[in-house]
Structures are given as C-alpha cells and as structure tokens.
Protein chains: 2
Amino acid sequence: MANVTIKDVARAASVSVATVSRVLNGHDNVTEHVRDRVLSVARELRYTPHAAARSLSSRRTQALGVVLPDLHGEFFSELIRGIDQVARRHRLHLLLSSYHGDVEEQGTALQAMRGRVDGLLVMSPYTAASQSLEDARSLSQLPVVLINSQSGGAAGTVLGVDNHGGARAMVEYLVSGGHRRIAFIAGPEDNFDAHERLRGYRDALAELLPGTAEWILRGDFDEASGHRAGRELIAASERPDAVFAANDMMALGCMFAFLQAGIDVPGEIALAGFDDIPLAGYVHPGLSTMRVNIAELGSHATELLVAAIASKEPVTEPRRWLATELIVRESSGPPERRTSS
Amino acid sequence: MANVTIKDVARAASVSVATVSRVLNGHDNVTEHVRDRVLSVARELRYTPHAAARSLSSRRTQALGVVLPDLHGEFFSELIRGIDQVARRHRLHLLLSSYHGDVEEQGTALQAMRGRVDGLLVMSPYTAASQSLEDARSLSQLPVVLINSQSGGAAGTVLGVDNHGGARAMVEYLVSGGHRRIAFIAGPEDNFDAHERLRGYRDALAELLPGTAEWILRGDFDEASGHRAGRELIAASERPDAVFAANDMMALGCMFAFLQAGIDVPGEIALAGFDDIPLAGYVHPGLSTMRVNIAELGSHATELLVAAIASKEPVTEPRRWLATELIVRESSGPPERRTSS
DNA sequence: CTGAAAGCGCTTACAG
DNA sequence: CTGAAAGCGCTTACAG
C-alpha cells in the first residue's frame, strides 16, 4: 500500500490536481459541489499532503528552527515552552537543534535549516560564537531572531533578559538592606549572561558604594562552583555580609556551604541569586533572587520572528531587553515587598 | 541576492548537477580533481542544499518527529535530552510537537509529519488517545515508537517505564520496613503511568498484606493535590503509618502538609514518591522514591526508532519495560541500601 | 470555476 | 567517471 498522493485524490475525484490543491488549501475559487467531493475522497483515501513537496513549491515550510546551545535543564525547558506556545498559535512546527556548546556544530545546524524552516530562533550565549553566527545567518538567508546573545552585527533582532539591570537592582536592594561588603560569585567567562550580570554588580557597586573594592569569586553556574566559592568565603580573613551569586544554582551551593559551616543565613551573611528556579522557593531559608521569565523570553522572540517572516522585510528591530523581577525571600534578611527592575 | 542552488554550483564548476549532487553526497564515483573543484566552488558560493528538495527526491528527511502531550517540566526536558542525544549521534533533526492533551491535535500533529520526518516518537499517556493514535499511525505510514503509552494495537514498538514493577517494589520496601497501613495517593485516572502505579500498589498489597484494605486517595500529579491528600489523611480517624504517592510532586505536597501539621516524617508517618525529581533530594527530610531514568527512556526509544527506519521493516519489537530504581532517603525511615526493581 | 503545464531543487537510474 | 533526463509531490500563474 503505497502512500497516496494528490494525483490519486484527483483521479478518484475526477478532477485535476490543481483543483485538489485549491480545495485542500482552502482557496475559494472552487464550486461547492466539487469541493465536497474532493474533501470526501481525500478523507476516504486518508490522504495527507507531503510536506516536503509542498514546501518546495510554495517556498514555505510552516516551521521554525530553534538552535540552542543545549537542552538540559529548566532554562531551556521553559524557553522551549514559551516558543512552542506562540508557534502552535500560528500553526508552526518547531525544528529543534542543540549544538552542545560546539561553535562548529552551531554553524552546521544553522545551514541544515535551509529548506526546513521559514525562520530561525538562535541562542548563542558564548561570546566567541558571534562570528560563526554571522556567517551562518548570511548562509541561511532566513529571518533570524537572536536570544540572549551578543549582538552579532547589524542584521537580526536581538532579544534578551536585562541581566545588567537585574544585577544592578539586586545590589541596590542589598545595599538598601544595610549590606556593605557584598561578594559576587561570577559565572563562566565566555557566557554573555554571566558577563552582563557581573557588569551590573560592578556598576552598582561603583555607583552606590564608591571606593568599595569589588569582591569577585569565580564560578561556572553550577552548584559545585557555588559551594567552592562559599567555602572560600568562609575561610577568608574577613567575611562578606552579603553574597550575590550570578545564578541560583551557585547561590544554593554557597548556601549549603554556609549551612554546613553553621553560618546563619541571613543572620550572618545574606544571600541572593539570579533566575528564580523552582528550587529557590523550596530550600530553607528561601532564596532571594531576580526572577527571569524565560517562557516569556521565548514567546516574545517567537512573536518577533513570526512578524519578521510575515513582513518579508529584513528584521531591523532594535535590541530589546526583558525586565527582571526582584523576589525577596528569607535568605536576604527581613521580608519586604517585591519590586520590578 | 537569490538563494544559490545546485545549478549555480554546477554552472560555476562547469559540471552537471548530477556530479555536484554526487560530490555533496560523498559518492565515490567522482574524480578527485572534479570533486575538489566542486567543493571549492560550493564553499565559495556559500551553497547550502535545500532540505525540502532533497527530501522530496531522496525520500529521506534526516529528521525524527517527536509528538508529546506537553513540554512543560523536567520529565519532558529529560526525555527530549535523551532523544536529542541519540538523534545527534545519527545526525538526525528533531521536529517537536506537543498536543497539549488534546487528542484531536495529536492526530493533526501526526499527520503533519508526513514528508517532514522519517519516523515518529510518540508519547500518549492518555488512555483514551490510543484510537486516534492508531488512526494517525496508519495515516502517516511511518515507523513509530510509542513511549509510555498503552499499546495501541499490533504495529509499532512500545517502550515504557516499569511503573507496575516499580510501585510493587516500593510497597515491598515499605512493608519490609514494618509498615502495615500504607495509603496511596493516586494520579490522574486517564493517565497510563498513574494507572500502572496504582495497579502495582494494589497487587503488592494483595500479595504481601492479604486482607488489608486498600487505602487510596485521589490526586492528579501536582503538588496541590498531594497537599490536599495529606490534609485528608491528617483529618482521618486513623492515620496511615506510611504514604506512597504516585509521583514525587504529590509526595512533596503531602510532606509539606504533614510538616505544617507538626507530624514527624518519617517518625509518625513514612513517605515515598515516584520519579526522583531533583527536588526529592533537596527537601528535608529527603524523599524516598523510585528513580525513573527519563533520559534513558528517550534515548532507548530513539535507538529503536532509528533501527526501525534503517531496517525498513514494520516494527515488531515486543513491548519493553525500563527498570526503576529504589532510592532510599530519610522520609521512609532509617537509611538502607539501594536496590533495583 | 477548472485544467494543462511549468517549476520548485534536488537524486538517481540509465546510457555512454 | 560523467551527463541528460525523468521523477519526487506539490503550487501557481496562465489560458480558457
């Protein structure tokens, strides 16, 4: 039983393939009578159009390409959920590709998207990957929206989280709570988000506590590095009165180090993170953090892309930042109200 | 600047399109000299093959369709990660589609896959969806591997977690710990996993504690329903000495209800879940549970599918179950060793 | 309103 | 080893 094609339907309905095509695509220049016949024959034959053939002649795939550095973890899960939400609303498929931090592979993935998708959503947080991205973009000839990436040049919209503003706001909050010796656990050096958060910490410190030395510890966004940083701080001759980690996982690692050492959080040292992962609300004490609405990031980016595809214009949207939200829990001191950055 | 096609490359390299095609597909019946010229011209022109055209004539898409009920949460994140892992090893793309619990949409999604993918990975935990699945499968004419689904008939491989065996093993473990009044918080009624876990609880109870009445509370897999069940149990005239929830989220909800009521876990009531989500290890007391290796489920399913596509035979693999693993933490009583189900 | 035909960009026997 | 040509299954001007 071979696959049934549009020809089979045409033959069975005694019309041309052009007519079948028109009916199936909902064109209105078809007689009611003929339309019904075609539709019922198509159903009877269990006909399903062949997407590749359709794409080839219509030059539309009804799909979006999503190229991410990784798929593991809640961040990507949320991002994909946001993307999926608007994609399905527009009846667009999602072609997913993760390049696992390999810049070469990112280029390959982008190229392989030609003829498969109508536009590209690309996240490239590695500061080094921007060139490859630029190449690939010109290669693919497709509308592109960049997510949380260093602007790779002129073309394409870039959408990201306001990491800089969020980090600044967190430092402001800690300072307003009376903290003065605020240590920062940084993220990976080649990561754009990490970079921006560090910059926010520095700028806020310079502005609010001029003359105070920066206090920066290395980290790489995972819990273990936060734990290490915490132990370093415990061993330091002078301890900070607050620790701000560039993300929640490191903040939690640091928190566990403190708790193991019998240090009271927030009594002796206040603690804050960034992201607001679910765990942040479950641990004890609850972790204060800057909430990033990842799903919204994904859905916004997708909206922009869909618009770009529809307009057929090269995307010239300005860079846009999504606000973060301060979430105050016990780890940073006495409870206060939420505010927005 | 229009997109460059294989014709442009052929012209620029002074060869036929057939030869360009051969070079690009790595066929060996091409002179070294010609090969090099074509390759360098292709690179120079930044040529990228058009996937739809290639798919149409080669009848291969190099892509796998993944149809899931939802994308939200860690389960799907892990599943996709496992799938992606083997897909990338075989250089296969992933077309993702979630039908959000809508059986109609599931059918539509499956149909839309024709001409886009070489095979289908489908998860359909809704017991009612099996008919639609069967329809769609015959429609799509593609190799299918079902994940955690009720066997929809003869065709297609079914791969799933051994929910029944895992639940049995958990009850056995609780009984061996001296517990006799074991309440069970069930999952959604139309969910296949939930169904199997409940069956495991029942079978184990009937076997190990004959004559003991089943003690089943309703739940729907989320934390709130676990919390509700916990409050019900607190209010009961007689309390259980152990509670086994059909998943971790409900177990955690139940745990919070107990802790709020000042009930000692596991002192007064032991508690166990199913899944081993990361939270299970972070809460205090740590939650005993049955670990399900979701990523492995995804990668196994994908291996089977890839094999099915390669063999071109209708898949007739028997139903397969992935073992679960008992993880003992504080919530179930004194620490013991891990064992496998 | 309907059909014949060209064309989308490839791959693959078939000759040579 | 290489090329001309048919064909994959659709869509879309172009006529009528």
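Below, read A as the first sequence line, B as the second, and so on, with proteins coming before strands; counting in each chain starts at 1.
Between Leu96(A) and the options Ile83(A), Asp84(A), Val66(A), Leu64(A), a side chain to side chain contact (heavy atoms under 4.5 Å, CB included) holds for only Val66(A).
Contacts between residues 16-25 of chain B and DNA chain C, defined by a heavy-atom separation below 4.0 Å, involve Ala18(B), Ser21(B), Arg22(B), Asn25(B), listed by number.
Remark: Glu303(B) engages Arg89(B) in a salt bridge, criterion side-chain N to carboxylate O under 4.0 Å. For Arg11(A) and Asp8(A), the salt-bridge test passes: some basic side-chain N is under 4.0 Å from an acidic carboxylate O.
In this entry dA4(C) has no Watson-Crick or G-U wobble partner, no candidate having both defining distances under 3.5 Å. Pairing partner, dA13(C): none, since no Watson-Crick or wobble contact has both distances short of 3.5 Å.
Side-chain contact of Glu78(A) with His72(B): a donor-acceptor pair under 3.5 Å is present, judged by distance alone.
The outermost nucleotides of DNA chain C lying under 4.0 Å from heavy atoms of chain A, listed 5' to 3', are dC1(C) to dC10(C).
Under a 3.5 Å cut-off, the side chain of Arg22(A) and the backbone N or O of His27(A) do not form any donor-acceptor pair. Of the possible polar contacts, none joining the Thr31(B) side chain to the Val34(B) backbone as a donor-acceptor pair under 3.5 Å is found. Between the side chain of Ser14(B) and the backbone N or O of Ala10(B) there is no donor-acceptor pair closer than 3.5 Å. The closest donor-acceptor contact from the side chain of Arg88(B) to the backbone of Ser98(A) lies under 3.5 Å.
Residue order along DNA chain D, read from the 5' end via each residue's closest nucleotide, puts Arg35(B) first among Arg35(B) and Ser58(B).
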